[in-house]
Amino acid sequence: MLQMIHTPRDKACGGHYSHAVRAGDFIFVSGQTPRNDLRAVVGKTIEEQTAVTLENVRLTLEAAGGALEDVVKVGVFLSNLADAARFDQVYASHFPTFRPARTTVGCALNGVQVEIDVVAYVPLSARKQEVVL
């Protein structure tokens, strides 16, 4: 089963893609950046931009029925690898116990310092079911 996940930010995507796709028990979240609903960059430091980006990841996962605790793989793209340690301090606060597998690379980004994509494992049987009384 494949399902495109729609979020309130879909209109601000700026490209032909989904914020997330559910494929069976896995949720694949497209690269999230520190942009708000108007596509404006939020935050000036790597710490601020990382926090906003991870919040965008969290919101997208929630729209798909998941949470940060379900993340098993993270892809991190930094515009400056010298910021990796400062990025990691904020990142660690969002994954305090379970440490997902992660790849971190340096690359040119479109006006931001960080972009993050994730894969989460959320069995369909574990999804909250709507109860009708």
Side-chain angles (χ1 to χ4, degrees):
M1 173 186 90
L2 295 177
Q3 175 187 9
M4 292 187 326
I5 306 301
H6 300 285
T7 72
R9 295 178 294 122
D10 279 356
K11 295 176 190 164
C13 256
H16 186 75
Y17 65 93
S18 298
H19 272 114
V21 172
R22 176 179 268 282
D25 292 340
F26 289 93
I27 299 168
F28 297 84
V29 176
S30 295
Q32 301 294 302
T33 61
R35 295 184 186 273
N36 63 18
D37 292 346
L38 302 175
R39 301 222 8 97
V41 176
V42 178
K44 296 193 184 303
T45 67
I46 188 63
E47 293 89 351
E48 292 168 332
Q49 288 196 11
T50 299
V52 172
T53 300
L54 287 167
E55 176 64 8
N56 288 341
V57 168
R58 185 188 68 75
L59 291 170
T60 303
L61 280 169
E62 283 184 0
L68 284 177
E69 295 79 21
D70 302 317
V71 172
V72 295
K73 176 72 170 93
V74 179
V76 176
F77 307 89
L78 297 175
S79 65
N80 184 352
L81 282 175
D83 291 336
R86 291 170 47 213
F87 158 83
D88 201 52
Q89 288 180 336
V90 177
Y91 174 88
S93 71
H94 287 77
F95 297 98
T97 53
F98 181 75
R99 296 179 182 185
R102 185 176 94 189
T103 302
T104 303
V105 297
C107 64
L109 295 172
N110 189 19
V112 298
Q113 298 174 53
V114 61
E115 183 169 339
I116 300 172
D117 64 27
V118 303
V119 178
Y121 177 71
V122 182
L124 290 169
S125 60
R127 290 177 74 189
K128 294 178 183 174
Q129 301 295 322
E130 184 176 332
V131 177
V132 179
L133 301 174

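Note that the structure is a prediction, hence the values are computed from the model and not measured.
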Out of Ile116, Leu81, Asn80, which one pairs with Phe87 under the side-chain contact (heavy atoms from CB on, under 4.5 Å) rule? Ile116
Return yes if some donor-acceptor pair links the side-chain N/O of Arg35 with the main-chain N/O of Asn56 below 3.5 Å, else return no. no
Glu48 side chain vs Ile46 backbone, donor-acceptor pair below 3.5 Å: no
Heavy-atom side-chain contact between [X] and [Y] under 4.5 Å:
X: Tyr91; Y: Val114; value: no
X: Ser79; Y: Gln113; value: yes
X: Val112; Y: Phe77; value: no
X: Thr45; Y: Arg86; value: yes

I need the [X] [atom1] to [Y] [atom2] distance, nearest 0.5 Å.
X: Glu115; Y: Gln49; atom1: CD; atom2: CD; answer: 11.5 Å
X: Leu68; Y: Phe98; atom1: CG; atom2: CZ; answer: 12.5 Å
X: Asp117; Y: Thr33; atom1: CG; atom2: OG1; answer: 12.0 Å
X: Met4; Y: Arg22; atom1: CE; atom2: CZ; answer: 15.0 Å
X: Thr104; Y: Asp83; atom1: OG1; atom2: CG; answer: 12.0 Å
X: His19; Y: Leu59; atom1: NE2; atom2: CG; answer: 10.0 Å

Grouping I, L, V, M, F, W and Y whenever their side-chain heavy atoms are under 4.5 Å apart, do [X] and [Y] come out in a common cluster?
X: Leu61; Y: Phe95; result: yes
X: Val74; Y: Val119; result: no
X: Val72; Y: Val122; result: no
X: Val90; Y: Val57; result: no
X: Phe28; Y: Tyr121; result: yes

Checking Asp88 against Arg102 for the side chain to side chain contact (heavy atoms under 4.5 Å, CB included) test, could you report, in this order, the C-alpha distance in whole Å, the side-chain angles of both residues, the deciding distance, and whether it holds? CA-CA 11 Å; Asp88 201 52; Arg102 185 176 94 189; 2.8 Å; yes
Taking every heavy atom of Ser93 against every heavy atom of Pro96, the minimum-distance pair comes out as O-CD, 3.9 Å
Search all heavy atoms of Ser30 against all heavy atoms of Ser18 and return the closest pair with its distance. OG-O, 2.6 Å
Across all chains, not counting sequence neighbours, the salt bridge (Lys or Arg N to Asp or Glu O under 4.0 Å) partners of Arg99 are none
